[in-house]
Amino acid sequence: MTVQEPSSKSPYKTITRENGSTIEIFHKDCLRGMRENVKQDSIDVVVTSPPYNMGINYNGYNDEMPQDKYLDWLKKVGRLIKTVLKDDGSLFLNMGNKPKNPWVAWDVANVLRKDFILQNVIHWIKSIAINKQDVGKYPNIVDDVAVGHFKPIVSNRFLNDCHEYIFHFTKNGSSILDKLSVGVPYQDKSNIRRWKQANQDKRDRGNTWFIPYDTIQMRKERPHPATFPIKLPEMCINLHGLKEKMVVMDPFLGIGSTAVASAKLGVSFVGFEIDKEYVDMAIARLDSV
Ligand SMILES: C[S@@+](CC[C@H](N)C(=O)[O-])C[C@H]1O[C@@H](n2cnc3c(N)ncnc32)[C@H](O)[C@@H]1O
């Protein structure tokens with residue numbers, strides 16, 4: 001299948017939800033889309049994962065550009081995101097590496113460095129093993145545990161890659177976050193009394209987020225080679241803080257994980273994707289929210 005270069009000025013699909021929020025899906029290149037369809041300073045949160053330039057087998061998009069061209073392109077994408085993002089907005093950029101190409105995530109973060117402040121680096125943990133003996137007397141862990149999605153690699157040089165990055169960029173490094181919206185209950189409840197700030201049974205989760213892939217039964221349920229779980233954008237949007245009439249954007253929609261998270265949270269969304277098959281799948285997924 002070939003990727004078209006659609007240019008329509010109106011959304012391919014607009015869904016208006018009961019609470020008045022709208023989900024706008026464009027079958028369109030994101031650079032054009034951000035220029036033609038998104039107002040300056042109108043977006044609260046961007047949660048996105050660009051192509052990693054690692055030869056991933058997308059339907060039609062060629063994921064192997066010369067590295068300098070790839071980074072130049074993402075710099076342009078970053079500049080436009082900055083234009084449409086509100087001053088207190090958040091850009092959550094998910095990037096992973098490959099054992100043989102361990103710098104690409106940081107190379108991409110580095111090209112955004114001139115335009116944004118890196119306010120937080122979150123580690124998306126896909127799989128983790130905890131030995132009982134390292135946990136001491138902690139009562140809820142009764143044995144060694146190994147949880148999450150573990151895809152072994154055949155190599156005697158490289159460790160299996162069990163995490164990706166979520167770079168949290170803001171315009172000035174001082175966006176106020178709703179940390180407890182993704183907080184975790186205190187293990188030791190006496191901390192609730194001891195810490196003055198702790199007025200509820202929740203503490204900051206920190207920057208290691210264990211998020212397993214959504215469980216699927218059949219390959220066709222995840223017909224895209226590089227999705228993130230819906231919980232990932234959901235947590236990012238919650239961390240930024242839910243606000244009245246807020247708008248979330250994903251310039252690289254894929255099959256719409258950020259759109260689905262936005263619909264679940266009842267906030268408006270705008271997304272761009274050049275591959276019509278992925279656009280249609282995103283719309284089908286939104287039908288069931
Ligand atoms: C890493 S995937 C995003 C997956 C998405 N986060 C999800 O969970 O479904 C990147 C997507 O960007 C799309 N893409 C590549 N170049 C694009 C462009 N110029 N404008 C819009 N989308 C593009 C690809 O077709 C691919 O689906």
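Atoms within a ligand are numbered from 1 in the order they appear, just like the ligands themselves. Side-chain atoms are counted along with the backbone in the values below, which use heavy atoms only and exclude waters and symmetry mates. Position 1 is the first residue of the sequence, and the numbers go up from there.
Using a distance-only test at 3.5 Å, with no hydrogens or angles considered, a donor-acceptor pair links the side chain of Ser181 to the main chain of Asn238.
Heavy atoms of Tyr278 found under 4.0 angstrom from ligand 1 belong exclusively to the side chain. Here Trp73 has side-chain heavy atoms under 4.0 Å from ligand 1, and that is the only part of it that gets that close. Looking at Leu253 against ligand 1, only its backbone comes within 4.0 Å, counting heavy atoms.
At the shortest separation from atom 9 (O) of ligand 1 among protein heavy atoms lies Ile255 N, 2.9 Å. What sits closest to atom 13 (C) of ligand 1 on the protein, heavy atoms only, is Glu273 OE1, 3.2 Å. The protein non-hydrogen atom at the shortest distance from atom 15 (C) of ligand 1 is Tyr61 CD1, 3.5 Å. Of all protein heavy atoms, the one lying nearest to atom 19 (N) of ligand 1 is Asp29 OD2, 2.8 Å.
Linking Ile, Leu, Val, Met, Phe, Trp and Tyr whenever their side-chain heavy atoms come within less than 4.5 Å leaves Trp209 and Ile130 in two separate clusters.
Under a cut-off of 6.0 angstrom, the local environment of NZ in Lys76 is sparse, with at most 12 non-hydrogen atoms contributed by other residues, nucleotides or ligands.
Within ligand 1, the atoms closer than 4.0 Å to a non-hydrogen atom of Gly256 are 9 (O), numbered from 1 in the order shown. Of all the atoms in ligand 1, the ones that sit under 4.0 Å from a non-hydrogen atom of Ile274 are 14 (N), 15 (C), 16 (N), 17 (C), 18 (C), 20 (N), 21 (C), 22 (N), 23 (C).
Any N or O atom pair closer than 3.5 Å counts here, and Ser257 shares at least one such pair with ligand 1.
Counting heavy atoms from C-beta outward, Val147 and Ile128 have side chains that approach closer than 4.5 Å.
For Trp103 and Tyr165, the distance between ring centers is not under 6.0 angstrom.
Salt bridge Lys243/Asp178: absent, no basic N to carboxylate O contact under 4.0 Å. Under 4.0 Å is where a charged nitrogen must lie from a carboxylate oxygen, and between Asp280 and Lys276 at least one such pair does.
Relative ring orientation between Trp73 and Phe252 is described as perpendicular, the plane-to-plane angle rising above 60° on a 0-90° scale split at 30° and 60°.
Remark: distances from the non-hydrogen atoms of Pro251 to ligand 1 include one below 4.0 Å.
In this comparison of Pro50, Cys30, Ala226, Ser49, the heavy atom closest to atom 4 (C) of ligand 1 sits on Ala226.
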